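In this text the structure is predicted, and so the values were computed from the model without any measurement.
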Amino acid sequence: MDLNHARALWSELAGVPVEFTTPTAVVTAPGSRLCPPGWAGIVRIGDAAVVTAPDTRGAEALGSAVRKLAPAELVDPVRLGKALSGTGAPVLDVLGPATLSYVDRDAFVPALPEEAGATVERAAPGDPALTALLAGAGQGDADESGLDEITSPAFLLREAGGASTAGEGVGAGGGEGAGEVVAAAGYVTWPRSVAHVCVLVAPHRRGRRLAGIVASAAVSHALDAGLLPQWRARPYPSRRVAAALGFRELGAQLSVRI
């Protein structure tokens, strides 16, 4: 797996020129996409990290912290909080950390729908069945999934017994009377030819390996399009799904409000 591809992505998202170097670079970047607006963003890929601050005060405080911490420690909210506690810029809120994982064609391990007696359908982003799944999952899970922002087709899995019209492997559309969609995946095309994978399973159908099936279809589509699939995860079950598909954890992302 090429670390440089992932690093090039996050360097571009910083919004200002910055590289993954040792010692860790800290830049003032109010428009950084490493974090929410007004926050500080930290991304580690491999043994190096980049840090963006919303203003000069934040950059000075974070500059003091990076002199005390290794790159892996910078994405540890407890260690970072302690390092910032005496700088006049304490941590007020935290988002993450989330692991960043990637897979290429050689490492990809597809999950076969047939193993679960299921068929994956392909639909347009914003398909009513996808909208219903997002609504049923609740606002928090729907927002976390990112499926409302996908630029790829949506890959949908209906509960057993649904009358799907899908053909070979991945098909299109559920017929009249088809069962409810219980899992979906897709991806958002990011800069540097990266496909940010998005997955959601209905709350009452979790723990049945459905996430891997729909995610596999999305990852396969991304690889066929010449993109590098990226998986960002906080909970362990999501990380486990990614690992089963061949993703390798290359780093982590942490956002803090200071």
Side-chain angles (χ1 to χ4, degrees), residues 1 3 5-15 18 20 24 29 32-54 62 65-66 69-81 84 91-103 137-150 185-192 194-201 206 211-212 214-215 218-219 222 227-258:
M1 187 67 62
L3 289 175
H5 194 157
R7 287 176 173 174
L9 165 70
W10 290 100
S11 292
E12 181 170 335
L13 293 178
V18 65
F20 285 79
T24 299
S32 170
R33 294 168 63 188
L34 273 60
C35 54
W39 288 46
I42 305 162
V43 170
R44 176 188 64 80
I45 299 293
D47 59 359
V50 294
V51 180
T52 62
L62 288 162
V66 301
L69 301 175
E73 295 173 320
L74 288 171
V75 289
D76 181 328
V78 175
R79 290 182 178 273
L80 181 63
L84 289 172
V91 174
L92 303 177
D93 203 355
V94 172
L95 182 61
T99 59
L100 298 171
S101 302
Y102 302 86
V103 69
Q139 191 68 47
D141 283 354
D143 290 346
E144 182 77 11
S145 76
L147 278 167
D148 60 341
E149 300 176 357
I150 59 172
Y187 60 84
V188 183
T189 303
W190 279 22
R192 301 282 177 162
V194 170
H196 183 70
V197 179
C198 306
V199 185
L200 180 65
V201 177
R206 291 175 186 170
V214 289
V219 170
L227 304 176
L228 175 66
Q230 171 182 270
W231 191 294
R232 180 170 59 189
R234 283 187 281 177
Y236 176 72
S238 179
R239 296 169 61 185
R240 184 174 58 201
V241 173
L245 293 174
F247 281 79
R248 185 158 69 93
E249 293 184 3
L250 298 185
Q253 178 185 14
L254 177 69
S255 299
V256 293
R257 185 167 63 88
I258 55 177

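- Residues passing the salt bridge (charged side-chain N to carboxylate O under 4.0 Å, His left out) test with Asp141, sequence neighbours excluded: Arg206.
- Between Pro229 and Val219, the closest heavy-atom pair is CG-CG1, 3.9 Å.
- What you find for Leu200 and Ser145 is that their closest heavy atoms are CB-CB, 3.9 Å.
- Checked against side chain to side chain donor-acceptor pair (under 3.5 Å), Glu149 has no partners two or more places apart in sequence or in another chain.
- Looking at heavy atoms from C-beta onward, Val241 lies out of side-chain contact with Val199 at the 4.5 angstrom threshold.
- The backbone N or O of Val18 sits less than 3.5 Å from a side-chain atom of Ser11, completing a donor-acceptor pair.
- Using modelled atom types, one side-chain atom of Arg44 and one backbone atom of Gly46 make a donor-acceptor pair closer than 3.5 Å.
- Atom-to-atom distance recorded for Leu34:CG and Ile42:CD1 is 9.5 Å, nearest 0.5 angstrom.
- For the pair His5 (side chain) and Arg192 (backbone), a donor-acceptor distance under 3.5 Å is present.
- Legend: residues meeting salt bridge (charged side-chain N to carboxylate O under 4.0 Å, His left out) with Asp47, ordered by chain and number and at least two apart, are Arg7.
- With rounding to the nearest 0.5 Å, the separation of CD1 in Ile150 from NE2 in His196 is 12.0 Å.
- The heavy-atom pair separating Ala29 from Ala14 by the smallest distance is CB-O, 3.4 Å.
- Side-chain atoms of Pro191 and Arg33, non-hydrogen and from C-beta on, do get closer than 4.5 Å to each other.
- Residues Tyr102 and Ile45 form a side-chain contact, since some pair of their non-hydrogen atoms from C-beta on lies under 4.5 Å apart.
- The two residues Phe20 and Val43 make their nearest non-hydrogen contact at CE2-O, 3.4 Å.
- For the atom pair OG1 (Thr99) and CD (Gln253), the distance works out to 10.0 Å, reported to the nearest 0.5 Å.
- Within 6.0 Å of CZ on Arg257 lie more than 12 heavy atoms contributed by other residues, nucleotides or ligands.
- With sequence neighbours excluded, no residue forms a side chain to side chain contact (heavy atoms under 4.5 Å, CB included) with Pro37.
- Contact between Val103 and Leu245 at its shortest, heavy atoms only, is CG2-O, 4.1 Å.
- Taking every heavy atom of both residues into account, Leu254 and Pro97 meet most closely at CD1-N, 3.7 Å.
- Two residues are said to be in side-chain contact when any heavy atoms from C-beta on lie closer than 4.5 Å; Ile258 and Leu62 meet this criterion.
- The backbone N or O of Leu100 sits nowhere less than 3.5 Å from a side-chain atom of Gln230 that would complete a donor-acceptor pair.
- Trp10 and Trp190 have perpendicular rings, their planes meeting at more than 60° on a 0 to 90° scale where under 30° would count as parallel.
- Arg240 meets the salt bridge (charged side-chain N to carboxylate O under 4.0 Å, His left out) test with no other residue; sequence neighbours excluded.
- For Ser255, the side chain to side chain contact (heavy atoms under 4.5 Å, CB included) criterion is met by Cys35, Pro36, Trp39, Leu95, not counting sequence neighbours.
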